[in-house]
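Presented below is the structure to which this report refers.
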Amino acid sequence: MRRNSVTLIKFLVAAVIFLAAGPFAMKFLFGNKRADEYVDAGLPMAPNEGGFHGKEHKRSSGELQKVDWHDHKQIAADEARVGPGEQGAAVILSPEEEAKKDDLYKVNGFNAFASDKISLQRSIKDIRHPDCKAKKYWNKLPNCSIVVPFHNEHWTTLLRLTYSVINRAPKELLHEVILVDDFSTKPFLKEELDNYMKEHFPGRVKVVHAERREGLIRTRILGAKHATGDVILFLDSHVEANVNYLPPLLDPIAEDYRTVVCPFIDVIDYENFNYRAQDEGARGAFDWEFFYKRLPLLPEDLLHPAEPFNSPVMAGGLFAISRKWFWELGGYDPGLDIWGGEQYELSFKIWQCGGKMVDAPCSRIGHIYRKFAPFPNPGVGDFVGRNYKRVAEVWMDEYAEYLYQHRPHYRSIQPGDLTEQKAVRTRLSCKPFKWFMEEIAFDLVKVYPPVEPKPFASGEFRNRDADMCIDTKYGHEGSNVHLDKCISDSNGGGEQNLELSWHKDIRPSKRTVCFDVSTSVAKAPVILYNCHGMGGNQRFKFNINTQQIYHPISNQCLDCDTGSHELFMNPCDEHKKTQQWIITNVNQTAIKIEWDLPK
Ligand SMILES: *[C@@H]1O[C@H](CO)[C@@H](O)[C@H](O)[C@H]1NC(C)=O
Ligand SMILES: *[C@@H]1O[C@H](CO)[C@@H](O)[C@H](O)[C@H]1NC(C)=O
């Protein structure tokens with residue numbers, strides 16, 4: 001009886017935490033990685049067959065009105081497709097095929113052999129919010145040039161991208177697709193690609209070849225210079241566009257040319273090409289080392305799941321911007337080298353100079369996040385740091401200092417000539433960064449404070465019974481945690497400098513893996529999991545009177561086995577010495593306040 005009610009409460013608490021943590025799912029996956037270059041995003045139908053069903057009829061009146069832009073014929077044809085990878089399913093290779101996949105894997109960082117098994121015009125699941133099916137957009141929308149920079153992209157992923165953006169866009173809205181080759185070395189990306197595009201998409205797909213290795217940012221700029229549509233949609237080179245992806249991106253721009261629109265980015269699995277959502281939206285942000293982060297949606301955004309919502313910064317490679325606004329802003333700062341910081345530069349200037357940025361939930365684009373970067377980038381030295389410094393110096397005013405406090409070596413990096421960038425700021429009478437932080441990214445500092453509060457307790461966590469210390473041994477996500485001889489006693493190796501951090505979790509100092517306990521059984525295991533800062537499974541408290549480390553959500557205490565050196569959670573018993581811990585530095589004031597807080 002008691003057991004059941006405890007289980008129920010746990011379930012409810014877990015559900016609340018799950019909901020609260022939902023928007024952070026992406027942070028778990030990608031939060032602490034710097035994107036690397038060029039990452040970051042059956043029944044064959046003739047391309048564009050069908051097009052926008054009934055558009056002539058709807059547009060004949062000439063009045064401005066909202067219409068249904070879905071291409072129902074294309075949708076029905078997609079739904080009827082069967083075969084490997086169709087409907088966005090995973091491709092399962094046979095054991096013989098598995099043995100052959102390595103060569104292509106190495107040069108692409110994803111399972112390109114699996115890609116080759118899938119139709120270039122495969123269907124993917126329509127995973128948009130159901131409200132998107134009924135959503136209408138202006139009948140007159142600006143048209144669009146899609147710009148796709150690539151370096152050594154695999155043949156079938158590049159072609160599948162091309163088919164998907166063309167097949168799923170109303171013909172009249174897609175002015176052109178521009179594939180920009182950043183000096184690739186794969187031979188098929190030269191004449192063979194040019195010829196394929198001329199033959200299959202005459203007049204619709206242009207291929208531009210850079211004359212030297214430019215890096216991602218300058219390759220995007222090169223593509224933008226060739227674009228002649230009203231809007232430029234930048235994409236990465238291994239993406240697939242979902243149902244009706246284009247009108248939701250263009251509609252907010254039709255209303256204001258200074259609005260920039262990002263699609264939702266779904267995940268195409270690098271191993272088997274399964275198509276899935278990574279989350280149902282979050283607002284883009286950053287921490288003070290310039291790692292890309294996510295903030296939860298606001299309550300009013302949650303009320304309208306199919307409506308665009310404001311986002312402080314873009315994730316990176318996938319966004320639509322009117323050509324006019326892009327060039328008014330000076331495009332990207334051409335002084336940014338290779339990759340890194342460009343998404344912040346553009347986001348800050350869009351907001352500060354009078355535009356806005358939104359994410360459109362009804363536009364979804366799947367992206368392969370590579371397993372590893374398959375080719376070296378052409379950058380020299382800490383070019384990313386130099387890029388960050390340029391962005392900070394031009395746009396961030398006094399907040400640049402916070403970045404430098406986290407990355408002190410930026411202070412001595414020479415950012416190069418900033419005259420032109422500062423001139424953009426003056427010419428467009430752009431607002432100060434303080435305005436951006438207070439009005440747009442107003443909740444950022446709560447989650448990512450510029451000056452990290454001190455931990456509640458830190459140092460070694462020594463068990464009184466075992467006289468040994470908790471040692472995380474530089475373990476990664478999924479590792480178990482054990483006891484080992486204390487380094488302070490034995491000069492041994494290991495990772496024993498831990499903290500009960502201001503996030504109220506336990507983590508090795510300067511790392512972002514946390515103690516995580518997901519069950520409330522006796523001897524429940526403690527594993528390392530990426531820190532989510534949301535409490536729940538990762539919340540711990542220290543009782544300075546009993547020296548117990550308490551896990552409120554499971555109502556258990558940290559315990560250990562002095563023989564096997566295992567660490568686990570058990571029902572609290574203040575008389576058990578295996579549950580008593582001596583922590584080197586404890587802020588008595590803070591820990592008492594925290595202990596008295598409700599669970
Ligand atoms: C796109 O719009 C421009 C005018 O803004 C026009 O010149 C061009 O023909 C349009 N493209 C298509 C494919 O309709
Ligand atoms: C201890 O915590 C209190 C309350 O949070 C804080 O004001 C104080 O600065 C902390 N002391 C140290 C040494 O960090």
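When a ligand or atom number is given, it counts from 1 through the structure's own listing order. Excluded from the calculations below are hydrogen atoms, water molecules and symmetry mates; all remaining heavy atoms, backbone and side chain alike, are included. This structure is a prediction, so every number in the text was calculated from the model and none was measured.
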> Taking the six-membered ring where the residue is Trp, are the ring centres of Y402 and W288 under 6.0 Å apart?
Replying inline: yes
> Can you find a protein heavy atom under 4.0 Å from atom 2 (O) of ligand 2?
Replying inline: yes
>> Between S237 and E153, is the side chain to side chain donor-acceptor pair (under 3.5 Å) condition met? List the steps.
In response: CA-CA 7 Å; S237 52; E153 185 54 58; 2.8 Å; yes
>> Against the six-membered ring of Y257, is K324 placed for a cation-pi contact (under 6.0 Å from the centre, within 45° of the normal)?
In response: yes
> Taking the six-membered ring for Trp, are Y399 and F348 ring centroids under 6.0 Å apart?
Replying inline: no
>> How far is atom 5 (O) of ligand 1 from the closest protein heavy atom, and which atom is that?
In response: D230 OD1, 2.5 Å
>> Protein heavy atoms near atom 11 (N) of ligand 1, is at least one of them under 4.0 angstrom away?
In response: yes
> Any idea which protein heavy atom is nearest atom 4 (C) of ligand 2, and the distance to it?
Replying inline: A590 CB, 4.1 Å
> Honestly, is K66 close enough over W138, meaning NZ or CZ under 6.0 Å from the six-membered ring centre and within 45° of the axis?
Replying inline: yes
> N143 heavy atoms, cut-off 4.0 Å: which ligand 1 atoms fall inside?
Replying inline: 1 (C), 2 (O), 3 (C), 8 (C), 10 (C), 11 (N), 12 (C), 14 (O)
> When you measure from atom 6 (C) of ligand 2 to every protein heavy atom, which one gives the shortest distance, and what is it?
Replying inline: N587 ND2, 4.2 Å
> Does the ring center of Y196 lie less than 6.0 Å from the ring center of W155?
Replying inline: yes
> Tell me, which protein residue and heavy-atom name are nearest atom 13 (C) of ligand 1, and how many Å apart are they?
Replying inline: H175 ND1, 3.7 Å
> ligand 2 and T589, any nitrogen or oxygen pair closer than 3.5 angstrom?
Replying inline: no
